[in-house]
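Here is the structure we will look at, set down as structure tokens.
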Amino acid sequence: MRVAVVGGGISGFTIIRKLLSHPNFNNDLTIDLFEKDANFVVGAPYGKDTKEAIMNEHAQDLSIFPESPDDFLVWLSENHVEYANNDAFVPREFYGDYLFERLSYLMDSEKVNIHESAIVDCEIDSERDIYRLQADDGQWHEDYQAVFFTIGHPPYADYYHLEGTPQYINSPVPIDETLAHLQPDQSIGIIGTGLTALDVVKYLLKQHNWTHPIRLYTDGNTPFKTVKFSRYQGEIQQSFSDEWIDSHRNQDGFISLEVIVETFLNDLKANDIDIQRLLELYGTGSISEIRSAIAYPDISLGKLRRYIVMMTIYLPDLYNALTPLDRDLYKQKYERVFNHFRSQIPDESLTFILENLDQGRLEIVTSLKSIITEDDSYQLETENGESYHADYLINCTGFQFDIQKALAFDPLIKNLYQRDMLTPYYRGGAMVTWPDCQVVASRGLMPNMYLLGHWISKIHYGNNNIHLCIKQAERVAEGFIAKHRHVE
């Protein structure tokens, strides 16, 4: 059997590891792995970059082997001992080195063929259910019985239609390559206040003593999520599990949102977490809230964070167990609050932000309304009539999940869409079955074609978590093996 894995990040290598390790799978298996940037195993998120770009999880939670939860800490003690403690926030490139050391042995398998190229097109022989793939050098690779697209994230969104203007940086990663040319006498604006934006701020402020304050712009009224401290070490009651999900499905396979919310709130009560109090104290992400949280660490916030971490591995199955109407209700009523507390920011990053705000090296501008392009600079206007100037703008607003808007930036997605081999999902990204992640086209299911990664994050809910990505890749590979295995 000939199999193609398109994308050499953690999901792609997890697929390969499961296919190669199964004792009863096809002994005639051949895997072609396609990865353009030679970031094998690592992928774009964990490639070589500034050490200011850090993981958002504690080091003790980052082993890729559930049976060896201390594996990453062991690796750190051997390679970067200064970070070898439970609560360290480790540079992302260190984590990439760890992934490479632990999984790159798969590239040496005689069953794996490595192609340092990107795939830009795909065709199917519908009579035989066989695929052929075109690389960016024009060469076609043929006769694959299965294709696993583990292709990473969509292009960055361009909400202010600035792409192509002279001094606009639409994608800032890798930070130390993309931003190295900026000079300290230039005025710099950063659109967005998420984790990438904070990594960019830290990099820039540690590079130069800037003439003008660097400005962070957000279209909202308050900029941040909640603060993440050391991991809470006490006992936490957490009801959700695979067994809980299976036992609470109705005859149609759904679980009501009411039941999930009731279980969630009962768990919080059992853990002595007053969610209403936390909302009142930390529910907006304002600078004053951040200052208070850092000055007076709240044990209940740590408990809630630990509870959500424990719950996260079940989020995709819980989300997909909701009816469409319940998903709409969740989005309207609960999603913002849940993600506000789930998407915490390391305390060291926010402490750095506050220090530079107080020193006048950084400003935060809320309620951004519009951006006007001038000859070689930008004018930014807020809802209340304030106006700001920037020589360079750096986009940190997140990804573009509207497939039709992303077609100009991603030739593979464009060609799959053009060939009617990919269907946009109405909530964003691409449509796949759950939990198999088989690609859905208007013609029906694409046989033995699978899609994982950010393109399906509106279905694989919460999958900006490495453990969710690993779990789902394992699940997809195991499902594929179960359909096709035969004992030799």
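Everything numeric here is computed off the predicted structure, so don't read it as measured data. Reckoned from all heavy atoms, side chains included, excluding hydrogens, waters and symmetry mates.
With 3.5 Å as the limit, one finds a donor-acceptor pair spanning the side chains of T165 and Y378. If you check the side chains of E335 and Y461, you find a donor sitting under 3.5 Å from an acceptor.
Residues V173 and R92 form no side-chain contact, since every pair of their non-hydrogen atoms from C-beta on lies 4.5 Å or further apart. In this structure the side chain of I308 never reaches within 4.5 angstrom of the side chain of Q344, judged on heavy atoms. Residues F254 and D326 have side chains not in contact (no heavy-atom distance under 4.5 Å, counting atoms from C-beta outward). A heavy-atom distance below 4.5 Å is not found between the side chains of D49 and Y203. Annotation: side chain of D317 is not in contact with side chain of W244 (no heavy-atom distance under 4.5 Å). Counting heavy atoms from C-beta on, the side chains of F338 and Y330 come closer than 4.5 Å.
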Evaluation steps, side-chain contact (heavy atoms from CB on, under 4.5 Å), between S457 and Y425:
CA-CA 10 Å; S457 62; Y425 181 49; over 6 Å; no

Any chance you could lay out the side-chain contact (heavy atoms from CB on, under 4.5 Å) test for K303 and I236, step after step, and finish with the verdict?
CA-CA 7 Å; K303 284 184 178 181; I236 291 289; 4.2 Å; yes

For V259 and H248: C-alpha separation, side-chain torsions, deciding distance, then whether side-chain contact (heavy atoms from CB on, under 4.5 Å) applies.
CA-CA 8 Å; V259 169; H248 283 78; 3.9 Å; yes

Going through the checks in order, is the salt bridge (charged side-chain N to carboxylate O under 4.0 Å, His left out) test met by R419 and D121?
CA-CA 9 Å; R419 294 184 184 279; D121 201 357; 2.8 Å; yes

Can you list the steps and then say if Y426 with K458 is a side-chain contact (heavy atoms from CB on, under 4.5 Å)?
CA-CA 9 Å; Y426 76 104; K458 305 303 180 181; over 6 Å; no

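We find that K333 and E258 are not joined by a salt bridge, their nearest charged nitrogen and carboxylate oxygen being 4.0 Å or further apart. Between D71 and R102, at least one side-chain nitrogen of the basic residue sits less than 4.0 Å from a carboxylate oxygen of the acidic one, meeting the salt-bridge criterion. Ion pairing of D136 with K36 is present here, as a side-chain N (NZ or NE/NH1/NH2) and a carboxylate O approach within less than 4.0 Å. Salt-bridge annotation for E142 and R2: absent, with no side-chain N of the basic residue lying under 4.0 Å from a carboxylate O of the acidic one. Between K202 and D199 a salt bridge is recorded (basic side-chain N to carboxylate O distance below 4.0 Å). Remark: E123 engages R132 in a salt bridge, criterion side-chain N to carboxylate O under 4.0 Å.
One N or O on the side chain of N465 and one on the backbone of H467 form a donor-acceptor pair closer than 3.5 Å. A donor-acceptor contact shorter than 3.5 Å is absent between the side chain of N113 and the backbone of D32. The closest donor-acceptor contact from the side chain of Y217 to the backbone of L380 lies at 3.5 Å or more, if one exists at all. Remark: side-chain polar atoms of T433 are paired, donor with acceptor, to backbone N or O of Q438 under 3.5 angstrom. Under the 3.5 Å distance criterion, the side-chain polar atoms of S367 are left unmatched by any main-chain donor or acceptor of T382. At distances below 3.5 Å, not a single donor-acceptor pair connects side-chain atoms of E163 with backbone N or O atoms of N170. The main-chain N or O of Y282 is found under 3.5 Å from a side-chain atom of H340 such that the two form a donor-acceptor pair. The closest donor-acceptor contact from the side chain of E93 to the backbone of A53 lies at 3.5 Å or more, if one exists at all. Not a single donor-acceptor pair under 3.5 Å links the side chain of S171 to the backbone N or O of Y156. For the pair D143 (side chain) and I130 (backbone), a donor-acceptor distance under 3.5 Å is absent.
Applying the ring-ring contact (aromatic ring centres under 6.0 Å, His included) test to H181 and every residue at least two apart in sequence or in another chain returns Y392. Remark: D125 engages R128 in a side-chain hydrogen bond (donor to acceptor under 3.5 Å, both in side chains) (not counting sequence neighbours). Every ring-ring contact (aromatic ring centres under 6.0 Å, His included) that W434 has, sequence neighbours left out, goes to H460. Residues passing the salt bridge (Lys or Arg N to Asp or Glu O under 4.0 Å) test with E177, sequence neighbours excluded: none. Among residues two or more places apart in sequence or in another chain, the ring-ring contact (aromatic ring centres under 6.0 Å, His included) test is passed with F341 by none.
Taking both residues in full, the closest heavy atoms of P435 and V476 are given as O-CG2, 4.1 Å, listed atom of the first, atom of the second, then distance. The minimum heavy-atom distance between Y160 and K369, with the atom names listed, is CE2-O, 4.2 Å. Annotation for S239 and D267: closest pair OG-OD1, 2.7 Å, computed over non-hydrogen atoms. Heavy atoms only, all atoms of each residue included: M55 and P346 are closest at O-CG, 4.2 Å. Residues A441 and D420 approach most closely at CB-O, 3.2 Å, considering heavy atoms. Contact between G12 and V5 at its shortest, heavy atoms only, is CA-CG1, 3.7 Å.
In this structure, Y168 OH and I394 CD1 are separated by 11.0 Å, a value rounded to the nearest 0.5 Å. Taking CZ from F34 and OG1 from T150, the interatomic distance works out to 12.0 Å, rounded to the nearest 0.5 Å. Put simply, CG on L106 and CG on L33 are 10.0 Å apart, with the number rounded to the nearest 0.5 Å. For the atom pair R231 CZ and Q60 CD, the distance stands at 3.5 Å (nearest 0.5 Å). Interatomic distance, F13 CZ to I64 CD1, rounded to the nearest 0.5 Å: 11.0 Å. A distance of 11.0 Å separates OG of S11 from CD1 of I151, quoted to the nearest 0.5 Å.
The residue from F229, F72, F89 that alone fulfils the side chain to side chain contact (heavy atoms under 4.5 Å, CB included) condition with H58 is F89.
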Cut-off 3.5 Å, no hydrogens considered: what does the side-chain donor-acceptor table look like for residues 444-453, sequence neighbours left out?
unit_1, atom_1, unit_2, atom_2, d
N448, OD1, H484, NE2, 2.9
N448, ND2, Q145, O, 3.4
Y450, OH, K483, NZ, 3.3

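Around the NZ atom of K111, the shell of radius 6.0 Å holds more than 12 heavy atoms that belong to other residues, nucleotides or ligands. Within a 6.0 Å sphere centred on CD of Q251, heavy atoms belonging to other residues, nucleotides or ligands number 12 at most.
In this structure, F264 has its ring center at least 6.0 angstrom away from the ring center of F240. Checked against the 6.0 Å centroid criterion, the rings of F480 and F148 qualify as a close aromatic pair.
The aromatic rings of F399 and H153 sit parallel to each other, their planes meeting at less than 30°, with 60° as the upper class boundary.
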